[in-house]
Amino acid sequence: SANVIVIGARGIAFTGRFSTESSPQMNTPQLHSDLLPAIDTEALAMKPLSHPPRILLLYGSNRDVSYSRLAVLEAERILRFLGADTQIFHPKGLPLPEDGDASHPKVQELHQMLAWAEGMVWCSPERHGAMSSILKAQIDWIPLAAGAIRATQGKALALMQVCGGSQSFNSVNQMRILGRWMRMLTIPNQSSVPKAFTEFDDNGRMKPSAYYDRIVDVMEELVKFTLLTRGQSAYLTDRYSERKESATELSKRVNQGNL
């Protein structure tokens, strides 16, 4: 046996013992050990970058009075107060997936914003117990065909929904599944605003309330997670199984353009 002391970027991270002799627990002939290096604690340390965290906000309604848009505007004000740089994608004019192609100006605009962003906010109204088709269409336009790397992979994500009636979490729950599938780092906190038409004044500003405070909580958490992960998202999402595959094989498996 031998003593183990692992020293990471912030000092001693782990102490313990391991056996230098082979054992049933260490017998892993299936494992390509050259493709599974030791965890690099330096790569996990927060990276100070020269620019503010970049947050893209999406909302899910094209109505003249859109409460998901108003909620996103409030979220944007909070993010800017916290020092983030923000952009909002306005979905009006975005074609349905498969009713247009990637050269459409609105699709190009969305893709450029995605490439710029280091974190995202998704806010949807709840319609028929689910997220809106307008929000889902934006997510469906996120490119999967450009190789095997998703445009959202490793980016932080915050979720919000607005409700016409009593408080529900159907939309945020659906979006959380989508965020995981898109390999995003979806933060634990989330916001759901019930009876949204009562929570905004005639000028479209959200009234002081516990629901507003929750949006503040969510945006604060999003900025923290974005700062923690934006410099090392590539390392956090680097996978053993994908290192085994060739780029061609991986792209073929991930690309769903023909489904």
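All values reported here derive from a predicted model rather than from experimental measurement. These numbers come from the heavy atoms of this one structure, side chains and all, not from hydrogens, waters or symmetry mates.
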Query - Sub-4.5 Å side-chain heavy-atom contact between Arg243 and Asp238 - result: yes
Query raised in the report: In terms of hydrophobic clusters joined by side-chain contacts under 4.5 Å, are Leu96 and Leu110 together?
Result: no
Report summary line: Hits for side chain to side chain contact (heavy atoms under 4.5 Å, CB included) against Ala75, two or more places apart or cross-chain, chain-then-number order -> Leu57, Met160, Ile215, Met219
Requested in this report: Please round to the nearest 0.5 Å and tell me the distance separating atom CG of Leu222 and atom CD1 of Ile55.
Outcome: 4.5 Å
Query raised in the report: Hey, is the main chain of Phe169 close enough, under 3.5 Å, to the side chain of Asn173 for a donor-acceptor pair?
Result: yes
Report summary line: CE of Met120 to CE of Met113, rounded to nearest 0.5 Å, is 10.5 Å
Query - Results of ring pair (Phe, Tyr, Trp, His ring centres under 6.0 Å) for Phe200 - residues two or more places apart only - result: Tyr67
Query raised in the report: CG of Asn203 to CG of Leu70: how many Å apart, nearest 0.5 Å?
Result: 11.0 Å
**Report entry** Heavy-atom side-chain contact between Met131 and Leu178 under 4.5 Å
**Finding:** yes
Report summary line: CH2 (Trp116) and CZ (Arg54) are apart, to the nearest 0.5 Å, by 7.0 Å
Query - Donor-acceptor under 3.5 Å (Lys155 side chain, Leu114 main chain) - result: yes
Query raised in the report: Which of these, Gln138, Met175, Arg176, Gln161, sits in a side chain to side chain contact (heavy atoms under 4.5 Å, CB included) with Trp122?
Result: Met175
Report task. State plainly whether one hydrophobic cluster holds both Trp181 and Met184, where clusters connect Ile, Leu, Val, Met, Phe, Trp and Tyr through side-chain heavy atoms under 4.5 angstrom apart. Result -> yes
Requested in this report: Share the residues that join Leu31 in a hydrophobic cluster, the rule being Ile, Leu, Val, Met, Phe, Trp or Tyr side chains under 4.5 Å apart at the heavy-atom level.
Outcome: Leu35, Leu36, Tyr240
**Report entry** Minimum heavy-atom distance between Leu159 and Val172, given as atom pair plus value
**Finding:** CD1-O, 3.5 Å
Requested in this report: List the steps, then state whether side chain to side chain contact (heavy atoms under 4.5 Å, CB included) holds for Leu79 with Val223.
Outcome: CA-CA 7 Å; Leu79 288 167; Val223 170; 3.6 Å; yes
Query - Between CG on residue Leu94 and NE2 on residue His104, distance to nearest 0.5 Å - result: 7.5 Å
Query raised in the report: Residues in salt bridge (Lys or Arg N to Asp or Glu O under 4.0 Å) with Asp140, at least two apart?
Result: Lys136
Query - Common cluster, Val65/Leu73, ILVMFWY with side-chain heavy-atom separation under 4.5 Å - result: yes
Query raised in the report: What salt bridge (charged side-chain N to carboxylate O under 4.0 Å, His left out) pairs are there with at least one residue in residues 110-135, not counting sequence neighbours?
Result: Glu118-Arg230
Query raised in the report: Less than 4.5 Å apart, any side-chain heavy atom of His32 and any of Lys244?
Result: yes
Report summary line: d(Arg69 CZ, Asp64 CG) to nearest 0.5 Å is 7.5 Å
**Report entry** Verify same cluster id: Trp141, Ile134 (apolar side-chain graph, 4.5 Å)
**Finding:** no
Query raised in the report: If only atom types and distance count, is the side chain of Gln190 paired as donor or acceptor with the main-chain N or O of Ala158 below 3.5 Å?
Result: no
**Report entry** Short N-O contact, Lys207 and Asp201, less than 4.0 angstrom
**Finding:** no
Tabulate below the donor-acceptor pairs under 3.5 Å that side-chain atoms of residues 81-91 make, not counting sequence neighbours, or state none.
residue : atom : partner : partner atom : Å
Thr86   : OG1  : Glu76   : OE2          : 2.9
Thr86   : OG1  : Arg80   : NE           : 2.8
Thr86   : OG1  : Arg80   : NH2          : 3.3
His90   : ND1  : Tyr59   : OH           : 2.8

Query raised in the report: So, for Ala71 and Val162, which heavy atoms are closest and what is the spacing to 0.1 Å?
Result: CB-CG1, 4.1 Å
Query - Partner residues of Asn189 under the side chain to side chain contact (heavy atoms under 4.5 Å, CB included) criterion, sequence neighbours left out - result: Arg214, Asp217, Val218, Glu221
Query - Within 6.0 Å of NE2 in His128, more than 12 heavy atoms from elsewhere - result: no
Query raised in the report: Nearest heavy-atom pair of His111 and Ala102: which atoms, and what distance?
Result: CE1-CB, 4.4 Å
**Report entry** Pairs involving residues 160-169, ordered by first then second residue, that meet salt bridge (charged side-chain N to carboxylate O under 4.0 Å, His left out) (sequence neighbours left out)
**Finding:** none
Report summary line: Smallest heavy-atom separation, Thr226 atom then Pro53 atom, equals CG2-CB, 3.9 Å
Query raised in the report: Is a donor on one side and an acceptor on the other found under 3.5 Å between the side chain of Ser192 and the backbone of Ser168?
Result: yes
Query raised in the report: With side chains defined as the heavy atoms from C-beta onward, is the minimum distance between Met182 and Gln153 less than 4.5 Å?
Result: no
Report summary line: Here the pair of heavy atoms bringing Pro125 nearest to Ser171 is O-OG, 3.5 Å
Query raised in the report: Quick one: salt bridge (Lys or Arg N to Asp or Glu O under 4.0 Å) partners of Arg63, sequence neighbours excluded?
Result: none
Query raised in the report: With a 4.5 Å heavy-atom cut-off, do Cys163 and Glu199 have their side chains touching?
Result: no
Report summary line: Hits for side chain to side chain contact (heavy atoms under 4.5 Å, CB included) against Lys195, two or more places apart or cross-chain, chain-then-number order -> Phe197, Thr198
**Report entry** Test log, rule side chain to side chain contact (heavy atoms under 4.5 Å, CB included), inputs Leu58 and Val121
**Finding:** CA-CA 6 Å; Leu58 308 182; Val121 177; over 6 Å; no
Report task. Kindly give the cluster partners of Leu44, where membership spreads through any ILVMFWY side chain lying under 4.5 Å from a current member. Result -> Ile39, Leu185, Tyr235, Leu236
Query raised in the report: When you measure from the side chain of Ser124 to the backbone N and O of Ser132, does any donor-acceptor pair fall under 3.5 Å?
Result: yes
Query - Pairs flagged by ring-ring contact (aromatic ring centres under 6.0 Å, His included) wherever residues 214-233 is involved - sequence neighbours left out - result: none
Query raised in the report: Under a 4.5 Å cut-off applied to non-hydrogen side-chain atoms, are Cys123 and Ser68 in contact?
Result: yes
